Amino acid sequence: MTPPGAGPARAGRRPLFRMLNGMRERETGGAALRGDCESCFGLCCVALPFRRSADFAVDKDAGTPCGNLGEDNRCGIHTRLRSEGFTGCTVYDCFGAGQRVSQVTFGGQDWRTGPPGQARRMVEAFPVVRQLHELLWYLTEALTLPAARPVHADLRRLLAETERLAAGTPEELAALDVAAHRQRVNVLLLRTSELMRAGTRGKKKNRRGADLMGARLKGADLRGADLRGAYLIAADLTGADLRGADLIGADLRDADLTDADLTGAFFLTQPQLTAARGSTGTTLPASLSRPAHWTTGL
Ligand code: SF4
């Protein structure tokens, strides 16, 4: 469900914090579901790999600290990420996994100064918790959707279980089959999607996983569409009607959402939105914020 373009890159401490600071906070079981870089030891800048591409200027292996990460866990180029070729860093969010692993799982002990083996264990735990927190985000959202009421009890059960798993010890996290848990959650999110989209009148388009890269969808009627995992990279969605569409995992990098209507679109995350282009005329779901670069161009 992670948008292909959103990982495995990591965002910079300051820029990420700044760009997401307008994002409405979703909390469940005490876990904040957005990155709080001030409470994290720069884990995404260490744990995640990236490859030289349009999103990253250099190669970096998993577990290797980024060359731009300072001893104070701040990004040395945070004001220039886009101009220096690290756009991928500006659109990443850990959904709060960084502060949980730093402050809870490892009790506030920095990977630099912890006992032997701690850095490796933190690097291993971070992506697992990140996936669990992403699931918490979706489950929490699903519980806000009135049409999903028939599955609310099941959603609550899986929410509690996911929260329990995310609170596991490093050893428990290492042993967790997170892919299997994702699959269980996904079944319920699919059912939620069906219930939600059933409320949209007319024929609903099914574009699940479709290759729509660069597609000309200007003004398209995509109300209630299934766009799960669709590749919409650089698609022209200007003026498109995406009301009530399921956008879970859709890759919206460089997609043009100028004047598009996303009212009631669901399972859309801030990183997906930040990776796209848009305008003041784009209508957003209530839980998301307009990315700063849509208006400033920076
Ligand atoms: S450039 Fe490096 S240090 Fe800066 S945000 Fe990206 S991964 Fe982190």
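Computed from a prediction, not measured in an experiment: that's the story for all the values here. As the structure lists them, so they are numbered: ligands from 1, and atoms in each ligand from 1.
- A salt bridge links Arg223 with Asp241: at least one charged nitrogen is closer than 4.0 Å to a carboxylate oxygen.
- Close approach to Leu69 involves these atoms of ligand 1, each under 4.0 Å from a residue heavy atom: 3 (S).
- Residue contact check: Leu81 has heavy atoms under 4.0 Å from atoms 1 (S) of ligand 1.
- Backbone or side-chain N, O or S atoms of Cys89 reach atom 6 (Fe) of ligand 1 at under 2.8 Å.
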Go through the steps for Leu136 and His133 under the test side-chain contact (heavy atoms from CB on, under 4.5 Å), then give the verdict. CA-CA 5 Å; Leu136 289 173; His133 271 224; 3.9 Å; yes
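- Here is the list of ligand 1 atoms found below 4.0 Å of a heavy atom in Asn68: 1 (S), 2 (Fe), 3 (S).
- Side-chain contact between Trp294 and Leu273: present, with at least one pair of heavy atoms (C-beta onward) separated by less than 4.5 Å.
- Near Cys66, meaning under 4.0 Å from any of its heavy atoms, are these atoms of ligand 1: 1 (S), 2 (Fe), 3 (S), 7 (S).
- In this structure, Leu69 CG and Cys45 SG are separated by 5.0 Å, a value rounded to the nearest 0.5 Å.
- Panel note: side chain Arg130, backbone Asp93; a donor-acceptor pair is recorded below 3.5 Å.
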